[in-house]
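The block underneath contains the structure these notes are about, expressed in structure tokens.
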Amino acid sequence: MNSNTSTGSAIKLNEASLSRLANNVRVPNYDRHQITNGIVHIGVGGFHRAHQALYLDNYFHQHPGTDWGICGMGLLDFDKRMRDALKAQDCLYTLVERSPEGDRARVIGAITQYLFAPDNRQAAIEALADPKCRIVTLTITEGGYYYIEGSGEFDANHPTIQYDLQHPHEPIGVYGFLTAALARRRQQGLAPFTVLSCDNLQGNGNIARKMLTAFAQMRDPELGNWITEQVAFPNCMVDRITPATTPADIKMVAEQFNIDDAFPVVAEPFLQWVVEDKFCAGRPDWEAVGVQMTDDVHPYEMMKIRLLNASHLLIGYLGTLAGYTYVHEVMADKYIRQAVDNLMEEVTPTLQPVPGIDLDDYKKTLIERFANPKIRDQLPRLCLNSAAKMPKFVLGSLRDALQQGGALDYMSFTVAAWFRYLNGRDDRGNSIPIDDPMSGILTELALSGGSDPKPLLGLTEIFGDLSQSSRFVDSVTNHLHSLYELSARETLAQILKI
Ligand SMILES: NC(=O)c1ccc[n+]([C@@H]2O[C@H](COP(=O)([O-])OP(=O)(O)OC[C@H]3O[C@@H](n4cnc5c(N)ncnc54)[C@H](O)[C@@H]3O)[C@@H](O)[C@H]2O)c1
Ligand SMILES: O=P(O)(O)OC[C@@H](O)[C@@H](O)[C@H](O)[C@H](O)CO
């Protein structure tokens with residue numbers, strides 16, 4: 001994002017300027033100074049600000065003087081921009097919900113403090129160790145969990161993990177901070193907090209539990225046991241399409257709403273949060289603001305990840321190969337739109353019934369949401385860190401389909417489209433930047449294998465034993481040959497017989 005974006009004479013956003021904002025902007029109608037923080041959120045990006053913080057902003061309008069305010073926290077250098085923007089704006093920011101029906105802006109006040117951990121690691125540990133903190137929520141991306149896909153085990157050899165084991169009082173990674181704070185709480189006879197992962201991982205709470213306790217066991221087995229016994233890790237399904245903020249969004253907020261906001265966020269109107277009701281130190285009355293609390297999140301997570309996020313990958317690769325930039329442009333392409341429909345149909349038999357949800361309606365709504373032209377969701381955002389996402393979004397359904405003897409044509413086509421994308425050139429020969437911590441090896445294997453997928457399928461940390469399935473390998477091979485011979489759209493025209 002370009003911090004030099006001109007915002008003209010728009011009003012600089014901060015607490016003092018709230019009363020001067022235009023009438024078409026909803027502002028916090030509660031006293032932020034009466035709020036105490038009960039939640040630390042690690043990974044304040046676009047999504048947290050468009051989703052959880054909005055739910056809590058709604059909650060604070062109903063429950064002024066609450067003790068569930070949010071202290072935001074960033075662990076990476078990446079978060080410097082968020083630190084600077086939020087600090088200059090009293091942690092306020094503008095959320096714009098965009099749809100063809102119009103744009104609605106509101107200023108969110110739910111984050112009352114922001115800590116950039118590299119500035120002061122002790123302050124970050126203290127905030128987490130403070131008994132007032134009763135929930136720690138996370139949006140640290142799929143890669144942030146240090147989970148080895150093929151084995152499901154903890155990536156104990158990762159340099160961040162090794163560093164944190166050697167520097168328990170000056171950590172850099174999420175488990176280092178959580179463990180330092182939990183150790184202090186245990187030592188002081190205090191209760192622990194709940195860890196609520198809000199990332200797109202099936203069984204996100206289970207994964208957070210397994211990884212954090214594995215780390216804690218390595219640091220101190222007694223602490224590991226205490227965490228296993230005392231800390232709750234609810235699973236949850238989160239949903240709201242939130243593109244990365246662009247300079248055009250900053251300009252739009254200034255021009256349409258007269259707000260000079262260094263880091264607004266835009267999102268679609270749709271919003272959903274289904275949370276397993278398993279907290280060890282209390283929680284806000286989230287039901288009051290539309291959060292669905294349940295005993296079993298699993299069917300909701302499967303539905304969302306296997307339909308929405310898997311479709312996003314197919315849209316990302318095919319759209320990029322065909323030279324598009326935004327998701328709505330891809331959805332206007334009848335070939336790709338049909339392929340997305342077909343992928344969702346193929347995935348459906350791998351899903352369990354979802355209480356209260358008609359899957360046909362859900363799929364129709366997804367197509368409409370993807371086609372929203374106002375949010376301008378970026379294809380590179382969907383393709384980011386694919387090595388961590390492909391196993392979670394697609395390969396689980398693929399394994400189930402193989403076991404059930406079900407169709408897997410469009411799932412293996414998604415894998416083939418990824419492999420073709422990984423050679424770094426679109427169908428017109430333009431270069432594609434591959435943004436992935438594994439990009440070096442992925443691109444090398446994509447280039448050496450060409451239309452032969454076997455080198456990439458041999459990455460067991462991504463594919464596990466899937467390369468043993470001749471049905472899957474043959475299907476990927478056929479599609480990949482076609483994608484190398486023809487363009488992505490021509491390949492689809494052939495498959496779809498349009
Ligand atoms: N954007 C969406 O539409 C959306 C919707 C549902 C769920 N999510 C979930 O939220 C995550 C974040 O999305 P976003 O749009 O806010 O992205 P973002 O790029 O705006 O923010 C990502 C945040 O994650 C942090 N992070 C990344 N790797 C980390 C690591 N190894 N350790 C600690 N922190 C780390 C970054 O520092 C940053 O604060 C996604 O990966 C996904 O799991 C996003
Ligand atoms: O955020 P990621 O990287 O896990 O996945 C990219 C998108 O599929 C995702 O952000 C969706 O927009 C989101 O899951 C919708 O709720």
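By the side-chain hydrogen bond (donor to acceptor under 3.5 Å, both in side chains) test, Tyr163 pairs with no residue at all, sequence neighbours left out. For Leu445, the side-chain contact (heavy atoms from CB on, under 4.5 Å) partners two or more places apart in sequence, or in a different chain, are Ile441, Ser448, Pro455, Leu456, Leu459.
Ring pair Phe463/Trp418 is tilted by interplanar angle, where 30° to 60° counts as tilted. Relative orientation of the Trp273 and Tyr55 rings is tilted, given thresholds of 30° and 60° on the angle between their planes. Taking the six-membered ring where the residue is Trp, Tyr146 and His158 present perpendicular rings, their angle passing 60° and hence far from 30°. Relative ring orientation between Tyr421 and Tyr317 is described as tilted, the plane-to-plane angle lying within the 30° to 60° band.
Using a 4.5 Å heavy-atom threshold, the side chains of Phe370 and His312 count as touching. Between Thr66 and Pro284 the shortest side-chain heavy-atom distance does not fall below 4.5 Å. A heavy-atom distance below 4.5 Å is not found between the side chains of Val265 and Ile108. Residues Gln52 and Cys198 form a side-chain contact, since some pair of their non-hydrogen atoms from C-beta on lies under 4.5 Å apart. Residues Ile70 and His48 are in side-chain contact: their nearest non-hydrogen atoms beyond the backbone lie under 4.5 Å apart. Between Arg369 and Asp239 the shortest side-chain heavy-atom distance falls below 4.5 Å. The shortest side-chain heavy-atom distance between Asn157 and Gln162 falls under the 4.5 Å cut-off. Put simply, the side chain of Val340 does not reach to within 4.5 Å of the side chain of Tyr410, judged on heavy atoms.
Taken to the nearest 0.5 Å, the CD1 atom of Ile39 stands 8.5 Å off from the CG atom of Leu196.
The number of heavy atoms from other shown groups lying within 6.0 Å of CG (Asp358) is above 12. Environment of CD in Glu222: sparse, with no more than 12 heavy atoms of neighbouring residues, nucleotides or ligands closer than 6.0 Å. Around CZ of Arg219, the count of heavy atoms belonging to other residues, nucleotides or ligands within 6.0 Å exceeds 12.
The backbone N or O of Arg471 sits nowhere less than 3.5 Å from a side-chain atom of Ser475 that would complete a donor-acceptor pair. Using a distance-only test at 3.5 Å, with no hydrogens or angles considered, a donor-acceptor pair links the side chain of Gln378 to the main chain of Ala244. With hydrogens and angles ignored, the 3.5 Å screen pairs a side-chain donor or acceptor of Asp199 with a backbone N or O of Thr141. Using modelled atom types, one side-chain atom of Glu346 and one backbone atom of Asp409 make a donor-acceptor pair closer than 3.5 Å. A donor-acceptor pair under 3.5 Å is formed between the side chain of Thr194 and the backbone N or O of Cys280. Here the side chain of Thr179 pairs no donor or acceptor atom with the backbone of Ala216 at under 3.5 angstrom. At distances below 3.5 Å, at least one donor-acceptor pair connects side-chain atoms of Arg185 with backbone N or O atoms of Leu128. Although no hydrogens or angles enter the test, the distance criterion places a donor-acceptor pair under 3.5 Å between the side chain of Thr228 and the main chain of Gly224.
When all heavy atoms of Leu201 and Ile305 are compared, the pair lying nearest together is C-CD1, 3.6 Å. Pairing each heavy atom of Arg49 with each of Phe263, the nearest pair is NH1-O, 2.6 Å. In plain terms, the two heavy atoms of Ser311 and Met344 that are nearest each other are OG-CG, 3.4 Å. Closest heavy-atom contact between Val297 and Asn235: CG2-O, 3.5 Å. The two residues Asn372 and Pro269 come nearest to each other via the heavy atoms ND2-CD, 4.0 Å. Residues Ala117 and Ala124 approach most closely at CB-CB, 3.9 Å, considering heavy atoms.
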Open item on the list: Set out, in order, the CA-CA distance, both residues' side-chain angles and the distance that settles side chain to side chain contact (heavy atoms under 4.5 Å, CB included) for Thr477 and His481, then state yes or no.
Closed with: CA-CA 6 Å; Thr477 306; His481 275 145; 3.6 Å; yes
Open item on the list: What verdict does the side chain to side chain contact (heavy atoms under 4.5 Å, CB included) test give for Gln202 and Lys392, after you've listed the backbone C-alpha separation in whole Å, the side-chain angles of each residue and the deciding distance to 0.1 Å?
Closed with: CA-CA 7 Å; Gln202 208 167 296; Lys392 294 165 182 100; over 6 Å; no
Task: Test side chain to side chain contact (heavy atoms under 4.5 Å, CB included) applied to His51 and Thr139, step by step - done: CA-CA 11 Å; His51 187 263; Thr139 49; over 6 Å; no
Open item on the list: Could you walk me through whether Leu379 and Ile315 satisfy the side chain to side chain contact (heavy atoms under 4.5 Å, CB included) test, starting with their C-alpha distance in whole Å, then the side-chain angles of each, then the deciding distance to 0.1 Å, before giving a yes or no?
Closed with: CA-CA 8 Å; Leu379 299 182; Ile315 291 168; 4.0 Å; yes
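Judged purely by distance below 3.5 Å, without hydrogens or angles, the side chains of Gln217 and Asn225 pair a donor atom with an acceptor atom. A donor and an acceptor atom, one from each side chain of Tyr300 and Gln272, are nowhere located under 3.5 Å apart. Asp164 and Tyr175 form no side-chain donor-acceptor contact under 3.5 Å, judged by distance and modelled atom types alone. For the residue pair Arg306 and Thr350, a side-chain donor N or O sits within less than 3.5 Å of a side-chain acceptor on the partner. With no hydrogens or angles considered, a side-chain donor-acceptor pair links Gln338 and Asn342 at under 3.5 Å. Of the N and O atoms on the side chains of Lys304 and Asn200, at least one donor lies less than 3.5 Å from an acceptor on the other residue. Side-chain contact, Asp249 with Thr246: a donor N or O sits under 3.5 Å from an acceptor N or O.
Cation-pi geometry between Arg420 and Tyr484 is satisfied (NZ or CZ under 6.0 Å from the ring centre, within 45° of the ring normal).
Look at Lys210 and Glu153 and you find a salt bridge, because one of the NZ, NE, NH1 or NH2 atoms lies within 4.0 Å of a carboxylate O, short of that distance.
Between Leu382 and the choices Leu314, Val327, Ile241, the side-chain contact (heavy atoms from CB on, under 4.5 Å) rule is met once, by Val327.
Taking the centre of each ring, Tyr59 and Trp68 stay at or above the 6.0 Å mark.
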